[in-house]
Amino acid sequence: MQTDVLVLGSGSAGLFFALTVAEQSDMSVLVITKKDRSESNTNYAQGGIASVVDEMDSLEAHVRDTLIAGAGLCHEDAVRVLVEEGPQRVDDIIALGARFTRTSGGKLHLGREGGHSANRIVHAKDLTGRELERALLTAVQLHPKITILENHYAVELLTDHQRIDGARAKKSITCYGAYVLNEPTGQVEIVRARQAVMLATGGAGQVYLHTTNPLIATGDGIAMASRAGARIGNMEFIQFHPTTLFAPDANSFLISEAVRGAGGLLLDKDGERFMSNYDAERMELAPRDIVARAIDAELKKRGDDCVYLDVSHLPSREVRHEFPNIYNRCKELGIDITKQAIPVVPAAHYTCGGIVTDLEGTTNIDRLYASGEASMTGVHGANRLASNSLLEALVFSRRSANHLLERVKKEKKPIKDVRLMPWDESGTENAEEWIYISHDHREVQQLMWDYVGIVRSNYRLERAYRRMKLIRKEIEDYYRKTKVTVPLLELRNIAENAMLIVRSAMRRKESRGLHYTTDYPNTDDRHWRHDTIIGQ
Ligand code: FAD
Ligand code: SIN
């Protein structure tokens, strides 16, 4: 298969990039996605998109809130780009047909979330991601230059390493496309991109046993890019969302931070508020790292299974109207949130690190862009501010698309047609024992949850490192002799991400933002503006 531009992933980052490129050029765009087209973290986003819309709010305040949450590691130039271009991107999405919640006067209704000093969360009730994904997919499907292939799984990037002539540029490597597993046929095919590849494959929440992320979030793009030689940054900063539903079959269902923004209170089993012991000023609306650690500390101190998020004091009609998704899901599980407090625990939620990019989404691999949760643009630093993620995907996908369009205009010729090695499956056999894959999968998730979670220590990280090394070797040996399947590829990728997280965490000899270790409990100013980078 050949295309001008290959986009890996059909979440907000991939779709918005695809649309911008197709609308502003004659290039063909192929979007490949590993499951159904809407299955993505984007589709499950609840709270909304942070954006300075209200005249009482200011860009400076949004910048400041983002920098404070990021605990000294945000790249301020990236944050300014995010905040300043954000409102235009929200307008773009509305122009595409996204319907956000409005006040009775017709203005955008703005919600509140932790770490924000103003109401600035644009949202579609508590189903913002579904609305965003719907609007983007509708526009993409109508565009004649864009093709979407579902159930196509990107296995590896194609770079100079796969050239038949073995030639390599001296300074940097080039990306020519990807090996893609066509799941229905079971064949791995070469997909060539004449101009560029966009990696928008999302985050790696599935590395952890308890996560808000859907099953697709196995960090495939980060793993692929890392294997191809891309620089990967700040992987130790895994964000744990403080409040996911604690109930049998709840599957870490998210209880949006907007619930606390609307006045929800955190209580212990005795019905006492406890946030004053951790952040007396901001209480329930402190940034996520602080709230998640506070809950973790309460659970450990008291030996309880969960804490409670209570909205039963708020007007019941309002709760049902603003949070229909949360209300209905809890109701299905026997909890009426207008009358009872919601049992909650933290779970892995967001990958702040990823493939290092500049402000135009370019990576250290020529013709490879990255955007969205798979990327590290510098906007999140050591902890992402709530609802800055969808915004990041939109802002930086637009900038990446603009960069590509400019480059193509200047170059006027597509990439040289190099000969690439076809996928080689000689010597491999069909997977004999499913149990190896499922066991290792569980083991990685359990180990990461137990040793590389909200609170870390040198001892735990060293244990995790030793075990991950062994598990990764076993997986690699198995991979080399087995015909590839999606579960095997995902296992290999979560193991790769786990190792990146452990190695990054071991390098950071301080506590900062989402990385908290009992061996270095304080933030060390010598690490100010010091990202953890793995790769060339
Ligand atoms: P995704 O939306 O995850 O899309 C990734 C795409 O890549 C998917 O289509 C996937 O199938 C595809 N893919 C992955 N691997 C491969 C492969 N190997 N081959 C082919 N395709 C592949 N952020 C906010 O800003 N506000 C919120 O309110 C908010 N709420 C959230 C609630 C939940 C429950 C979750 C899980 C996240 C939330 N987030 C929120 C975070 C936000 O949703 C994500 O960070 C953002 O949607 C990421 O977009 P993306 O396009 O980068 O990745
Ligand atoms: C939420 O609704 O709490 C999630 C918001 C986010 O992840 O930014």
Side-chain angles (χ1 to χ4, degrees), residues 6-17 31-51 111 113-116 121-124 126-130 132-133 136-137 148-157 178-181 183 191 198-206 211-224 239 241-244 252-261 288 323 325-326 347-352 354 370-375 380 384-394 396-397 486 489-490 493:
L6 173 63
V7 179
L8 307 180
S10 60
S12 46
L15 294 178
F16 196 57
F17 175 84
V31 179
I32 71 155
T33 190
K34 69 179 178 180
K35 294 281 176 225
D36 296 345
R37 57 193 64 199
S38 66
E39 192 55 8
S40 57
N41 274 8
T42 300
N43 206 37
Y44 295 88
Q46 292 187 359
I49 310 174
S51 177
E113 289 183 331
H116 287 276
I121 315 297
V122 177
H123 63 107
D126 58 354
L127 287 162
T128 310
R130 195 182 294 177
L132 177 62
E133 186 74 12
L136 285 167
L137 270 176
I148 305 191
L149 289 178
E150 295 177 322
N151 301 309
H152 278 64
Y153 184 107
V155 178
E156 292 291 9
L157 294 171
Y179 286 122
V180 174
L181 172 63
E183 226 196 325
V191 181
M198 162 53 85
L199 237 165
T201 42
Q206 286 292 331
T211 177
T212 62
N213 292 191
L215 293 172
I216 54 100
T218 47
D220 299 345
I222 298 172
M224 261 186 280
Q239 183 170 72
H241 198 291
T243 56
T244 69
S252 300
F253 175 77
L254 183 72
I255 307 295
S256 174
E257 194 152 317
V259 172
R260 275 176 285 134
R288 276 186 200 161
F323 305 110
N325 179 36
I326 294 171
H349 181 61
Y350 185 82
T351 313
C352 291
S371 179
E373 199 168 333
S375 68
H380 305 310
R384 174 178 68 96
L385 184 66
S387 286
N388 265 356
S389 161
L390 294 173
L391 189 69
E392 180 195 35
L394 299 175
F396 288 90
S397 280
V486 170
L489 293 168
E490 288 186 335
N493 289 334

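Quantities reported herein were computed from a predicted structural model and do not represent experimental measurements. Atoms within a ligand are numbered from 1 in the order they appear, just like the ligands themselves.
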> Charged N to carboxylate O under 4.0 angstrom, Glu150 versus Lys34?
Replying inline: no
>> When you compare ligand 1 with Lys34, is there at least one nitrogen or oxygen pair between them that comes in under 3.5 angstrom?
In response: yes
> Asp220 heavy atoms, cut-off 4.0 Å: which ligand 1 atoms fall inside?
Replying inline: 15 (N), 16 (C), 17 (C), 18 (N)
> Which residue owns the protein heavy atom closest to atom 2 (O) of ligand 2, what's the atom, and how far is it?
Replying inline: Ser256 OG, 2.7 Å
> When you measure from atom 5 (C) of ligand 1 to each heavy atom in Ala204, Ala200, Ala374, Ala217, which option holds the nearest one?
Replying inline: Ala200
>> Show the atoms of ligand 1 that are less than 4.0 angstrom away from any heavy atom in Ala13.
In response: 51 (O), 52 (O)
> Hey, which atoms in ligand 1 end up nearer than 4.0 Å to a heavy atom of Arg384?
Replying inline: 23 (N), 24 (C), 25 (O)
> Is Asp126 touching ligand 2 with its side chain, its backbone, both, or neither, if touching means heavy atoms under 4.0 Å apart?
Replying inline: neither
> Hey, does Thr212 sit under 4.0 Å from ligand 1 if you only count heavy atoms?
Replying inline: yes
>> For His380 and Tyr350, I'd like to know if the aromatic rings sit close, meaning centre-to-centre distance below 6.0 Å.
In response: yes
> Would you say His349 contacts ligand 1, with heavy atoms under 4.0 Å as the rule?
Replying inline: yes
> How far is atom 4 (C) of ligand 2 from its nearest protein heavy atom, and which residue and atom name does that atom have?
Replying inline: Arg288 NH2, 3.5 Å
> Counting from 1, what ligand 1 atoms have a heavy atom of Tyr350 closer than 4.0 Å?
Replying inline: 45 (O)
>> Between ligand 1 and Thr33, can you find any atom pair, the residue atom being a heavy atom, that is separated by under 4.0 Å?
In response: yes
>> With heavy-atom distances below 4.5 Å as the criterion, would you say the side chains of His349 and Ser252 are in contact?
In response: no
> Counting each atom of ligand 1 from 1 as listed, which ones have a heavy atom of His152 under 4.0 Å away?
Replying inline: 19 (N), 20 (C)
> At the 4.0 Å heavy-atom cut-off, does Leu8 count as touching ligand 1?
Replying inline: no
>> Can you name the atoms of ligand 1, numbered from 1 with element, that are less than 4.0 Å from a heavy atom of Asn213?
In response: 36 (C)
>> Please list the nearest protein heavy atom to atom 8 (O) of ligand 2 with its residue and the distance rounded to 0.1 Å.
In response: Ser387 N, 2.6 Å
> Considering only heavy atoms of Gly372, which atoms of ligand 1 have at least one such atom less than 4.0 Å away?
Replying inline: 52 (O)
>> Heavy-atom contact check, 4.0 Å cutoff: does Thr128 meet ligand 2?
In response: no
>> Within the structure, is a non-hydrogen atom of Gly129 found at a distance of less than 4.0 Å from ligand 1?
In response: no
> Which part of Ala393 is near ligand 1, with near meaning a heavy atom under 4.0 Å away: side chain, backbone, both or neither?
Replying inline: neither
> Is it true that Arg130 and Glu133 make a salt bridge, defined as a side-chain N closer than 4.0 Å to a carboxylate O?
Replying inline: no
>> Tell me the contacting part of Gln239 for ligand 2: side chain, backbone, both, or neither, using a 4.0 Å heavy-atom threshold, strictly below.
In response: neither
